[in-house]
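These numbers were taken from a predicted model, which means no experiment stands behind them.
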Amino acid sequence: LRCMKLIRLAASCARSLSSLSRAKPAPLLLPCLLRLHRGCPNLPRCTMSAAAAAAAPAAPAAAAVPSAREQLLRPDPVPQEPNTEVLDRSLFVKHFKLLALSIEPKKCSAYVAALRPALLNIPRCRNIVPHPEQADRKLVLLCPTVRNLADLTVEQRAFVQGQEGWELRDHDLVLDYEYWNTDHVLRALLPPTITEITSSFESIGHIAHMNLRDEHLPYRKLIGQVLLDKNPSVKTVVNKLSTIDTTFRFFKMEVLAGEDNFITQVKENNCVFHLDYSKVYWNSRLMYEHRRMVDLLTPEDVVCDMFAGIGPFAVPAGKRGVFVYANDLNPDSFTALQRNVEVNKVQARVRCYNQDGAAFLRNVMDEILLSRGTAKPLPLFSHVFMNLPASAVTFLGAFRGLFHAKDRRELALPIIHCYGFSKEVDVTADMRAQAELHLQCALEEPVEVYDVRDVAPRKRMLCISFRLPAAAAYAEPPLVPVPPAAPADPADAALTRADSDSRPNSEAKRPCERA
């Protein structure tokens, strides 16, 4: 029992520590260990002393001095403020004066075995190269610290002197811009006041999408050019701007380098997706989430994808044999969705719609009921995907009264998979509370909350899965459906799916059609 209690306390301490900034973990270390000590009074006092010392303010650490080898394997810093528009690649040429042994080619293996610790050891550089003047000889390059034979060990020197036909000569090793990697170039290019180098990006076909910090923006053209040079598959480098489209939530982009071409294609989960990245939303980081959800399905399932985008859920599900009702409000996403359905040959199993999410839900239910008794009745959906994290929970109100009519009460209620954001410590309770608030009733067990990924410090993207509660499904439907509210948090709005939003006009028409 004591061990189990300690495990729970340690897990709680670990979660508390992980929620802190990496730069300041010490102030909470002592309280966490004190809690652990209360759970186990026999915890050594030396541990508590060490914790107290760790919690005390530490003296500022001295700046790390790069070693001689690290200085050798990096380009020299740019001596002056670089041109922020044009990259001068000649600034990254570095010369090394090396000592070399000119030998016969047949003796290379023997020299390498005997002199290995003294040979040139630089990544992607050979230590045996052709002789520049004599085609029948080779050069064995020694490391920069070897200036003459006296710098070799006794054994190495004895080996060389015991050989015949060798001679010493100087060799000029040149490492130019092509040799250095992205981090090397950016570290030499950017001023030392910028301590964090940004070289990571999201790949969408031939497009590299970056999220640069404010301190990087004056040098954004240079950063884009370096990324373009160092990644052969990249043809366009873009940076996300702060402004977003208020209707369809796709980001405006600035081309940093390369072609001004946003039309691309990506491959994911054995499917090909064509898209115009400037007009629709795509996030390659959600690939495993797309796969996870599709793997939950069987060919007997039917999916209602309320915010389908260009089809990252709908198309792979269709390939799996699942029937899908796929909808998106963005006309460009709808066009791309139709093309992707055709390219991946799932037209028979994926029906595409271009409507508001709430109106689409009601219209699909009407279509299903009207098709009863016909030669090809439409199947009732068993799963509902709601991948619009910033505002999907606000669309849950559209399910109230959806099964209220007598001819719908015998239908099976679907399982809803709703995405959202949470900044709370208990994300499970928070997601459940958000869903119950908009459904206006308690959820029925089982309820699963899956942690998808972190989108910002202390902010998680989550997926809550539950069966539609009977209290909401059979409730009296509202006479005038209210459009879902826009997300209150601007940060949430920026992170929402780019290809769906509410459409008040379609909401206003629906009561008249029903009447």
Residues pairing under ring pair (Phe, Tyr, Trp, His ring centres under 6.0 Å) where one sits in residues 336-359, two or more places apart or in two chains, turn out to be Tyr353-Phe360
inquiry  = Please check: side-chain N/O of His216 versus main-chain N/O of Glu196, any donor-acceptor pairing under 3.5 Å?
reply    = yes
Q. What about the rings of Phe307 and Phe395, do their centers lie closer together than 6.0 Å?
A. yes
- Message: If only side-chain N and O atoms count, and only distance matters, is there a donor-acceptor pair under 3.5 Å linking Asp301 with Thr298?
- Response: yes
Sorted by chain and residue number, the side-chain hydrogen bond (donor to acceptor under 3.5 Å, both in side chains) partners of Tyr177 (sequence neighbours excluded) come out as Asp229
Check: Do you see a donor-acceptor pair shorter than 3.5 Å between the side chains of Asp183 and Ser199?
Finding: yes
- Would you check if there is a donor-acceptor pair between the side chains of Asn231 and Ser233 at a distance under 3.5 Å? no
Requested in this report: Check for a donor-acceptor pair, side chain of Arg460 on one end and backbone N or O of Ser422 on the other, with a separation under 3.5 Å.
Outcome: no
Q. Sub-3.5 Å donor-acceptor pair from the side chain of Arg408 to the main-chain atoms of Leu402, do we have one?
A. yes
Nearest heavy-atom approach of Phe421 to Asp430 is O-OD2, 4.3 Å
- prompt: Would you call the rings of His383 and His417 parallel, tilted or perpendicular if under 30° counts as parallel and over 60° as perpendicular?
  reply: parallel
*asked:* Can you confirm whether the side chains of Asn363 and Glu367 place a donor and an acceptor under 3.5 Å from each other?
replied: no
| What do the steps show when you test Asp295 against Arg320 for salt bridge (Lys or Arg N to Asp or Glu O under 4.0 Å), and what is the final call? | CA-CA 9 Å; Asp295 287 346; Arg320 199 180 178 91; 3.4 Å; yes
Practice task
Verify whether one side chain among Tyr281 and Asn283 offers a donor that lies under 3.5 Å from an acceptor in the other.
Solution key: yes
Ignoring hydrogens and geometry, is there a side-chain-to-backbone donor-acceptor pair from Asn344 to Cys271 under 3.5 Å?
-> no
Checklist entry - Can you tell me if His206 uses its side chain to pair, donor with acceptor, with the backbone of Val234 under 3.5 Å? => result no
Would a distance-only check, ignoring hydrogens and angles, find a side-chain to backbone donor-acceptor pair under 3.5 Å from Arg467 to Leu413? yes
